[in-house]
Novice: 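Structure provided below as structure tokens; questions to follow.
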Amino acid sequence: MYEARRRSFGSLAELYDRRRPRYPEALVEDLIGLAGGAGGLRALEVGAGTGKATAQFAARGVRIDAVEPSAAMAELGRRNLSGFEGVTFTNTEFERYPVAAEPYGLVYSAQAWHWIDRARRYELARAMLRPGGVLAAFWNRADWDETPRRDPFDAAYRRHAPELALDSPMRPPSTSVSGWSAWEAEIEVSAGLAHAEIRTYHWQTEYTSREYTELLSTHSDHALLAPERRAALLAEIEREIEARGGHFALAYVTRLCTARAV
């Protein structure tokens, strides 16, 4: 199941690009600052997808080598970032990407670090970084504690998709932190990395009923539901949002996990 979820995104590339949110601008500014500023900064992006985060860093002058295992997502990322001369997309897995002759000042992963080989990811990242360089992983997560009227959604999941894990990020009242809870402990035992830090950013955005159910469809656990179960779940959630006036304000929490090469 893990591998099926990991490989599910290619078939969803266009929808993913249209519906997945960007990341807080404050996070982008903070991370560039931690890495010494955009001037001359070279970054390696791990699991770049269609370039959602890539565009935010490139717009600030960061030169980026983006690595993405899905051919469909990498091709869409190339098109999305075609206006930036300092951005390249390579269709490969991070675990297979060769160590650069010139090390990077920043290695970052937006919404993808949990898909990287857990036994090797920190070692591989450290090999790509110059001394003092920054490793960063960040995730957007639904903040159900700050989202009112979540109970009808929870009821829909219990009725139509009880097999979805209770810690699924988009299933209320999940408090899933998928990877960041172990960050400090993992950095502590990773050779060549130190100074673990976690920063939190709170924000919200509004969706129409169709936009929200399309967003749900970009999540791998939802995409792999049996078609009839997924259809019933999304239909009930769409009806619930329509009953609220057709719009749904979802609170997000984004956490930025960083460490420094020593």
Side-chain angles (χ1 to χ4, degrees), residues 1-23 28 42-59 62-84 86-100 104 106-125 127-128 135-142 164-165 168-170 176 178-180 211 213-227 230 234 254 257:
M1 179 61 75
Y2 171 85
E3 190 61 22
R5 289 184 60 180
R6 183 171 179 265
R7 295 291 183 182
S8 68
F9 296 104
S11 63
L12 304 169
E14 294 283 352
L15 187 60
Y16 188 104
D17 190 55
R18 186 165 70 249
R19 287 291 168 247
R20 282 293 183 105
R22 286 158 60 94
Y23 301 91
V28 178
R42 291 178 62 250
L44 176 66
E45 182 175 3
V46 178
T50 63
K52 306 291 285 189
T54 323
Q56 292 180 264
F57 285 88
V62 180
R63 292 179 295 147
I64 303 165
D65 293 329
V67 178
E68 170 51 47
S70 162
M73 297 189 91
E75 180 56 33
L76 188 49
R78 289 189 192 100
R79 298 205 307 264
N80 288 341
L81 277 297
S82 61
F84 295 95
V87 176
T88 66
F89 262 80
T90 301
N91 173 211
T92 190
E93 296 180 344
F94 176 52
E95 294 87 342
R96 299 176 181 273
Y97 193 70
V99 175
Y104 295 93
L106 172 64
V107 173
Y108 72 91
S109 182
Q111 213 76 20
W113 191 244
H114 53 292
W115 298 120
I116 309 304
D117 184 344
R118 297 188 178 194
R120 303 173 58 209
R121 56 189 176 185
Y122 294 103
E123 176 187 356
L124 293 170
M128 299 289 186
L135 169 65
F138 47 96
W139 292 265
N140 289 328
R141 286 288 183 265
L164 273 191
S168 171
M170 302 307 291
S176 170
S178 184
W180 66 51
E211 288 169 347
T213 54
E214 286 184 346
L215 171 67
L216 292 178
S217 297
T218 70
H219 284 264
S220 58
D221 53 356
H222 288 66
L224 294 178
L225 284 171
R230 183 173 63 250
L234 297 183
T254 303
C257 303

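Since this is a predicted model, take the numbers as computed values, not measurements. The figures here come from the full heavy-atom set of this structure, side chains too, leaving out hydrogens, waters and symmetry mates.
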Novice: Decide whether a cation-pi geometry holds between R42 and Y104; the criteria are a distance under 6.0 Å from NZ or CZ to the six-membered ring centre and an angle within 45° of the ring axis.
Specialist: yes
Novice: Applying salt bridge (Lys or Arg N to Asp or Glu O under 4.0 Å), name anything that partners R63, two or more places apart in sequence or on another chain.
Specialist: none
Novice: Could you check V67, L124, I116 and say which one makes a side-chain contact (heavy atoms from CB on, under 4.5 Å) with V46?
Specialist: I116
Novice: Using a strict threshold of under 4.0 Å (side-chain N to carboxylate O), is an ion pair present between E123 and R120?
Specialist: no
Novice: Classify the side-chain pair R20/T218 by whether it contains a donor and acceptor separated by less than 3.5 Å.
Specialist: yes
Novice: Using modelled atom types only, decide if a donor and an acceptor are shared between the side chain of R22 and the backbone of K52 within a distance under 3.5 Å.
Specialist: no
Novice: Restricting to side-chain hydrogen bond (donor to acceptor under 3.5 Å, both in side chains), what partner residues turn up for S82, sequence neighbours left out?
Specialist: none
Novice: Using only atom types and a distance under 3.5 Å, with no angle test, would you say the side chain of R230 pairs donor to acceptor with the backbone of L225?
Specialist: yes
Novice: Of the non-hydrogen atoms in M128 and P98, which two are nearest, and what is the gap between them?
Specialist: CE-O, 3.4 Å
Novice: Does the side chain of Y108 reach to within under 4.5 Å of the side chain of I64, using non-hydrogen atoms?
Specialist: yes
Novice: Salt-bridged, R79 to E14, with N to O below 4.0 Å?
Specialist: yes
Novice: Hey, would you say the W113 and Y122 ring centroids sit under 6.0 Å apart?
Specialist: yes
Novice: Under the 3.5 angstrom rule, does the side chain of E68 hit a backbone N or O of S70 as a donor-acceptor pair?
Specialist: yes
Novice: With distance as the sole test, does Q111 use its side chain to make a donor-acceptor pair with the main-chain N or O of N140 at under 3.5 Å?
Specialist: yes
